[in-house]
Amino acid sequence: MSPSSWRLLDFTLTGCSRPSLEVLELADTPEMPDASLYLQASGDQLLLGGEPYRFLSFNAFSLTGCGNDDERFDAAALDAFFTSLRPRSLVRTYAFRGQDVTAIDAVIAAAARHQHLLNLVLTDAKGSCGDDGVEKDEAWYGSGFRSDYLPWVREIVTRERDEPAVGMWELVGSPVDVRSATLRAFYDEVGGVVHTLAPRQLVAS
């Protein structure tokens, strides 16, 4: 598959031009739910259930535990939030290395119960919200990400790769202070790992 076949719309869902060495040790992917249940892409069009898909929704970073105590969601609040959305919404929230994975699981389960989708952000440029607390720089995007971030990507994507409620994985939120070629190589490598682990889930930038 060529890199051009992964290009999606103006929000730039990314593919990979070559696989990372990280994928060579992976076991065979188990049987997954029917492909039509997943958010898909065809050229510059998103599809859901084979039909064109567009969404208007929320950037709700506090769903998985980020933010102040009074901003966090218990099970009842999660259900109330997803009940309030228009049908088949896509919600952007965090799935950072420093967060409680059970809280991430709970958000995914709630989205699935209410037939919504998620855009899960795997880190951000500032290392905020329980992540590493260090701002990403050229060196991190060049190779530093392999030491702690990439193992987390492998862990969380493997954990959720069979879940159609995960519409897309956003590799890093708002990257800055990095050369475009370095960022492109970062997306290619990490995107390659995600595509290999979870071939029916999209990758976003």
Side-chain angles (χ1 to χ4, degrees), residues 1-20 22-23 29 32-61 63-64 82 85-96 107-108 111-112 114-125 136 141 145 149-150 153-154 156-158 160-205:
M1 184 179 291
S2 68
S4 63
S5 63
W6 290 308
R7 250 188 358 242
L8 303 178
L9 304 180
D10 289 335
F11 54 78
T12 330
L13 297 179
T14 65
C16 60
S17 60
R18 56 186 172 82
S20 165
E22 289 286 331
V23 306
T29 302
M32 296 178 292
D34 186 274
S36 66
L37 299 176
Y38 292 83
L39 185 64
Q40 299 174 306
S42 177
D44 61 358
Q45 176 67 63
L46 290 176
L47 303 172
L48 189 61
E51 298 295 326
Y53 176 76
R54 297 183 68 183
F55 60 90
L56 177 66
S57 188
F58 292 94
N59 178 41
F61 65 86
L63 289 181
T64 51
F82 284 111
L85 302 179
R86 63 182 67 199
R88 305 301 276 157
S89 291
L90 186 145
V91 177
R92 183 178 183 266
T93 194
Y94 293 167
F96 290 178
V107 172
I108 294 172
H114 296 280
Q115 299 186 326
H116 295 303
L117 303 171
L118 297 169
N119 171 21
L120 294 176
V121 188
L122 293 170
T123 191
D124 71 0
K136 277 67 173 174
Y141 289 106
F145 69 90
Y149 165 82
L150 195 54
V153 171
R154 292 181 56 148
I156 191 64
V157 173
T158 299
E160 307 296 352
R161 63 184 172 185
D162 298 335
E163 178 49 73
V166 178
M168 58 184 77
W169 298 98
E170 184 175 336
L171 303 187
V172 56
S174 304
V176 294
D177 300 325
V178 55
R179 294 184 302 116
S180 59
T182 304
L183 186 61
R184 176 72 258 180
F186 165 82
Y187 280 129
D188 285 346
E189 180 169 346
V190 182
V193 172
V194 176
H195 279 305
T196 301
L197 287 168
R200 290 184 177 170
Q201 293 169 335
L202 300 180
V203 175
S205 66

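Scope of the values below: all heavy atoms of this structure, side chains included, with no hydrogens, waters or symmetry mates.
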Determine, step by step, whether L63 and F58 satisfy the side chain to side chain contact (heavy atoms under 4.5 Å, CB included) criterion, reporting the C-alpha distance in whole Å, the side-chain angles of both residues, the deciding distance to 0.1 Å, and the verdict.
CA-CA 11 Å; L63 289 181; F58 292 94; over 6 Å; no
Can you tell me how far [atom2] of [Y] sits from [atom1] of [X], rounded to the nearest 0.5 angstrom?
{"X": "E170", "Y": "D124", "atom1": "CD", "atom2": "CG", "answer": "9.5 Å"}
{"X": "R200", "Y": "S36", "atom1": "CZ", "atom2": "OG", "answer": "9.0 Å"}
{"X": "S174", "Y": "K136", "atom1": "OG", "atom2": "NZ", "answer": "12.0 Å"}
{"X": "I108", "Y": "L117", "atom1": "CD1", "atom2": "CG", "answer": "11.5 Å"}
{"X": "N119", "Y": "T93", "atom1": "CG", "atom2": "OG1", "answer": "9.5 Å"}
{"X": "L122", "Y": "Y149", "atom1": "CG", "atom2": "OH", "answer": "5.0 Å"}

Given side chains that start at C-beta, do those of [X] and [Y] come closer than 4.5 Å, heavy atoms only?
{"X": "L46", "Y": "L202", "answer": "yes"}
{"X": "L120", "Y": "I156", "answer": "no"}
{"X": "P164", "Y": "Y38", "answer": "yes"}

Could you walk me through whether V203 and Y187 pass the side chain to side chain contact (heavy atoms under 4.5 Å, CB included) test, one step at a time?
CA-CA 9 Å; V203 175; Y187 280 129; 5.8 Å; no
May I ask you to decide if the ring planes of F186 and F145 are parallel, tilted or perpendicular, using 30° and 60° as cut-offs?
perpendicular
Look at the rings of F96 and Y94 and say which category their plane angle falls in: under 30° parallel, 30 to 60° tilted, over 60° perpendicular.
parallel
With D177 via side chain to side chain donor-acceptor pair (under 3.5 Å) - residues at least two apart
none
Checking T182 now: which residues fulfil side chain to side chain donor-acceptor pair (under 3.5 Å) with it, not counting sequence neighbours?
E138, R179
Considering all heavy atoms of both residues, which atom of [X] and which atom of [Y] are nearest to each other, and what is their separation?
{"X": "A35", "Y": "Q40", "answer": "O-NE2, 3.3 Å"}
{"X": "S89", "Y": "S57", "answer": "CB-OG, 3.9 Å"}
{"X": "L37", "Y": "L48", "answer": "O-CD1, 4.1 Å"}
{"X": "T158", "Y": "R154", "answer": "OG1-O, 2.6 Å"}
{"X": "F82", "Y": "H116", "answer": "O-NE2, 2.8 Å"}
{"X": "G173", "Y": "R92", "answer": "CA-NH2, 4.0 Å"}

Tell me, with the steps shown, if E163 and L118 meet side chain to side chain contact (heavy atoms under 4.5 Å, CB included).
CA-CA 10 Å; E163 178 49 73; L118 297 169; over 6 Å; no
Going by the rule side-chain contact (heavy atoms from CB on, under 4.5 Å), which residues pair with R54 if we only count those two or more places apart in sequence or in a different chain?
none
Using a 3.5 Å distance criterion without hydrogens, assess whether the side chain of Y53 forms a donor-acceptor pair with backbone atoms of R88.
yes
